[in-house]
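Within every chain, numbering begins at 1; the chains are lettered A, B, ... in the order of the sequence lines, protein sequences first and strands thereafter.
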Amino acid sequence: MISSIKPLYFHSDAYFLSLFFLFSSGQLDSIVKYQPATKMAAPATKTLKNISGNWILNQKTSDSFEPMLVIQGVSWWKRQVSNH
Amino acid sequence: MTEHTKQFVDDKGVETILIDSTITGGFKGTSQCRPLDGSVQSIMDDTFGLIKETNTWSDLSDINNKWLKEGWLQEQDGADREHIKVVASNEGFGWSSVAVWGFSEINGQRWHVRKVSAVKDGKQYNVRAVYDWLPTEGSY
């Protein structure tokens, strides 16, 4: 099978075997496994004196922006984006 | 929508908050620059069109709206730096808004909160936005 020319490597058993090896041995974990962001309440050190860092809207505890964005003339498409 | 926030003093000595938003998946969204000196900014915003905006420190004494004044945590850093007030308006669409930033206690924990009150045609629209702190971002 492998005796044929190079471009056929992607169709070869060796290719699938090496993929299987990489996945099963955990070599690709750092590429494939997504580490979700940690979300938490504001630490005591975060005040308006230095708010630097990353923040994300908490959809559960926040009110809906929808009625306000409508009267502010924001288009339907933009309103969908603001939900993500 | 994740907000990457930087607070710093710019080369003119003005304290400034810079916010780059990214949409889920890492796409770059809007950028906001907020100098906290009370100067009037004319901004052509992708989402809100042509708006006028001022950003200042506030101790809530300059705010008349009862809903905006209530529900805040007393901070350690003194009243003058407890809140940021953002006044914005869009003449074309005929709305104006006042927002107050600060921290509130929700379910026994301290959260970053921005309360916005917008008015159009005499009708008031209130939104309380609560923000999660992200010590680490999502990664592959």
When the 4.5 angstrom heavy-atom criterion is applied to Ser75(A) and chain B, the contacting part is neither
Between Ser39(B) and Gln41(B), is there a side-chain donor-acceptor contact under 3.5 Å, judged purely by atom types and distance? yes
Under 3.5 Å donor-acceptor, Lys115(B) side chain and Trp67(B) backbone: yes
Residues 85-103 of chain B side chain polar contacts: donor-acceptor under 3.5 Å, at least two apart:
residue: Lys85(B); atom: NZ; partner: Asp62(B); partner atom: OD2; Å: 3.2
residue: Asn90(B); atom: OD1; partner: Gly92(B); partner atom: N; Å: 2.9
residue: Asn90(B); atom: OD1; partner: Phe93(B); partner atom: N; Å: 3.0
residue: Asn90(B); atom: ND2; partner: Phe48(B); partner atom: O; Å: 2.8
residue: Trp95(B); atom: NE1; partner: Gln72(A); partner atom: O; Å: 3.4

Just grab all the ring-ring contact (aromatic ring centres under 6.0 Å, His included) pairs involving residues 54-79 of chain A, residues at least two apart or on different chains. Trp55(A)-His112(B), Trp55(A)-Trp133(B)
side-chain hydrogen bond (donor to acceptor under 3.5 Å, both in side chains), that's the test. Do Asn65(B) and Ser117(B) meet it? Break it down for me. CA-CA 8 Å; Asn65(B) 185 320; Ser117(B) 183; 3.0 Å; yes
Interface check, chain A: of Lys6(B), Arg110(B), Gln109(B), most non-hydrogen pairs under 4.5 Å belong to Arg110(B)
Looking at Asn50(A), Asp63(A), Asn54(A), Asn58(A), which one has more heavy-atom pairs under 4.5 Å with chain B than the rest? Asn54(A)
With a 4.5 angstrom heavy-atom cut-off, is it the side chain or the backbone of Val116(B) that approaches chain A, or both, or neither? both
Heavy-atom proximity to chain A below 4.5 Å, by part of Ile84(B): both
Under 4.5 Å from a heavy atom of chain A, the part of Asp20(B) involved: neither
Lys60(A) versus chain B, heavy atoms under 4.5 Å apart: side chain, backbone, both or neither? neither
Under a 4.5 Å cutoff for heavy-atom pairs, which residue among Thr5(B), Val127(B), Asp132(B), Asn107(B) has the most contacts with chain A? Asp132(B)
Check whether Arg79(A) reaches the backbone of Val74(A) with its side chain - one donor and one acceptor, N or O, closer than 3.5 Å. yes
